[in-house]
Amino acid sequence: MKLNPFEEKVIEHILQSSAPGKHAARSALRHLERAWELADKMPELAVFSAITAEEESATALFHVLKIRCYRNAQMLNHRNHFHKTALHPFLIAMGKLFHEFTDSYSPKLEFNSELSSDSTERLRLRLTVPSKEGKQLWAYTLPPLEFTVSIDGVVHKFEPELSQLAAEKNVASAYAYVQKLSNRRNLAIYAASNGIPHFTEDIEPFLIYRKSAVFSHLFAILLIDPYPEHQSFVQQALIAFLCMLRAMPDESYKK
């Protein structure tokens, strides 16, 4: 498995994060490595291991949210495949909302110690803002996810983005899409009425996509775990995620 310098830096910092989350993250990385090792000779096991890596990285993020005592984080079940499978599609849906913002401000994740009072290197979100003179100014949110997304004064729950994701996948809802995804590991390793499983596609794109899912979870951990204060966007996203899972009613979002 090839890693770029930034990904290597992420792993370095993940190994310094809070337990038990960091152990689940370590497990995710080990399963990801195994997936690449098994890809040529045992693709079905590679698929299984890659999916397990994604779920383990989701577990790591769940642990961090609980350790940092975010409201309702205890409702996240790291033993529930559905909860873990749902995380990456939810992050994709959130990304759809920020697409226009991305074009305008070129947000970038970077490790920086200059803005830390204790000189500790942390993962930060940098925004690029053009000045009147045409120069680029860099702005940082401190902590990085201390903001709230509202539309017409109403706190956003990402419902349009989740519906768009479902439409792109030709399913009725984001919930239905996650239900479909959560059965992937069984299809990869267990025999069915029509025979034993065979992965006949090019496995490299599949593994690359799973790697991106794992690292998106690790990025989120490093934007949350080093900051003991509760960040508004993290809480907003967590409640929206639980509503998508139908783990809590929509009206509870306002509380």
Notebook entry, point to check: Parallel, tilted or perpendicular: which fits the ring planes of F6 and F111, with parallel below 30° and perpendicular above 60°?
Noted result: tilted
Note to self: Within the supplied structure, the quantity of interest is the number of heavy atoms (other residues, nucleotides, ligands) at a distance under 6.0 Å from Y105 OH; does it exceed 12?
What the structure shows: no
Margin query: Could you tell me if the side chain of F48 sits less than 4.5 Å from the side chain of M42, heavy atoms only?
Written below: no
Margin query: Measuring from atom CD1 of I151 to atom NE2 of H156, what distance do you get when rounded to the nearest 0.5 angstrom?
Written below: 4.0 Å
Item checked: Set of salt bridge (Lys or Arg N to Asp or Glu O under 4.0 Å) partners for K9, sequence neighbours left out -> E121
Check: Are the side chains of L32 and L207 in touch, meaning some heavy atoms are under 4.5 Å apart?
Finding: no
Margin query: Does either side chain, that of Y209 or that of E54, offer a donor lying less than 3.5 Å from an acceptor on the other one?
Written below: no
Item checked: Hydrophobic cluster membership, I221 vs M94, 4.5 Å side-chain cutoff -> yes
Margin query: So S49 and E33, do their side chains get closer than 4.5 Å, heavy atoms only?
Written below: no
Next item on the list: Would you give the length of the straight line joining atom CG of L238 to atom CD of Q236, rounded to the nearest 0.5 angstrom?
Entry: 11.0 Å
Check: Considering all heavy atoms of both residues, which atom of V149 and which atom of F98 are nearest to each other, and what is their separation?
Finding: CG2-CZ, 3.9 Å
Check: Should L123 and I67 be regarded as members of a common hydrophobic cluster, given that ILVMFWY residues are connected when their side-chain heavy atoms come within less than 4.5 Å of each other, either directly or indirectly?
Finding: no
Note to self: I'd like to know whether F90 forms a side chain to side chain contact (heavy atoms under 4.5 Å, CB included) with V178, so could you lay out the CA-CA distance, the side-chain angles of the two residues, the decisive distance to 0.1 Å, and finally the verdict.
What the structure shows: CA-CA 10 Å; F90 180 76; V178 175; over 6 Å; no
Check: Just by distance, do the side chain of Y70 and the backbone of Q231 share a donor-acceptor pair under 3.5 Å?
Finding: yes
Next item on the list: Find out if a path of hydrophobic residues (ILVMFWY) with successive side-chain heavy-atom gaps under 4.5 Å connects F158 to L165.
Entry: no
Next item on the list: With rounding to the nearest 0.5 Å, note down the distance linking CG in L162 to OH in Y177.
Entry: 12.0 Å
Notebook entry, point to check: Looking only at heavy atoms, what is the nearest atom pair of S17 and K22, with distance?
Noted result: O-CD, 3.1 Å
Next item on the list: Find out whether L223 and L109 are in side-chain contact, i.e. whether some heavy atom of one side chain is under 4.5 Å from a heavy atom of the other.
Entry: yes
Notebook entry, point to check: Which pairs, with at least one residue in residues 73-82 and sequence neighbours excluded, count as a side-chain hydrogen bond (donor to acceptor under 3.5 Å, both in side chains)?
Noted result: E55-H81
Margin query: Do R124 and L142 make a side-chain contact, defined as non-hydrogen atoms from C-beta onward lying under 4.5 Å apart?
Written below: yes
Check: Cut-off 3.5 Å, side chains only: do R34 and H31 have a donor facing an acceptor?
Finding: no
Item checked: Interatomic spacing from OH in Y227 to CG in L145 - rounded to 0.5 Å -> 8.5 Å
Next item on the list: Return the orientation label for the F215 and F219 ring planes: parallel under 30°, perpendicular over 60°, tilted otherwise.
Entry: tilted
Notebook entry, point to check: With side chains defined as the heavy atoms from C-beta onward, is the minimum distance between R68 and P228 less than 4.5 Å?
Noted result: yes
Checklist line | Heavy-atom neighbours of R26 CZ exceed 12 at 6.0 Å | finding: no
Item checked: Test side chain to side chain contact (heavy atoms under 4.5 Å, CB included) applied to I208 and K211, step by step -> CA-CA 5 Å; I208 290 173; K211 175 173 172 272; 5.6 Å; no
Check: Which heavy atom of A60 sits nearest a heavy atom of G21, and at what distance?
Finding: CB-O, 3.2 Å
Notebook entry, point to check: So if you build clusters from Ile, Leu, Val, Met, Phe, Trp, Tyr with side-chain heavy-atom gaps below 4.5 Å, do V171 and L245 land together?
Noted result: no
Next item on the list: Using the rule that two of Ile, Leu, Val, Met, Phe, Trp, Tyr join whenever any of their side-chain heavy atoms come within less than 4.5 Å, decide whether V64 and L125 are in one cluster.
Entry: yes
Check: Which atoms form the tightest heavy-atom contact between T141 and P144, and what is the distance?
Finding: OG1-O, 2.6 Å
Next item on the list: Identify the heavy atoms of L76 and K66 that sit nearest to each other, and give their distance.
Entry: O-NZ, 2.7 Å
Item checked: Side-chain heavy-atom pair T128, W138 within 4.5 angstrom cut-off -> yes
Next item on the list: Look at the aromatic rings of H217 and H88 and report parallel, tilted or perpendicular, splitting at 30° and 60°.
Entry: perpendicular
Next item on the list: Check K84 against A58 and note the closest heavy-atom contact, atom names and distance.
Entry: O-CB, 3.8 Å
Check: Taking atom OG of S212 and atom CD1 of I92, what is their separation to the nearest 0.5 Å?
Finding: 7.5 Å
Margin query: Do Q179 and F82 have side chains that approach each other closer than 4.5 Å (heavy atoms only, starting at C-beta)?
Written below: yes
Note to self: Suppose we screen for side chain to side chain donor-acceptor pair (under 3.5 Å). Which residues come up paired with K96, at least two apart in sequence or across chains?
What the structure shows: E168
Next item on the list: Measure the spacing between CD1 of I224 and CZ of F233 and express it to the nearest 0.5 Å.
Entry: 10.0 Å
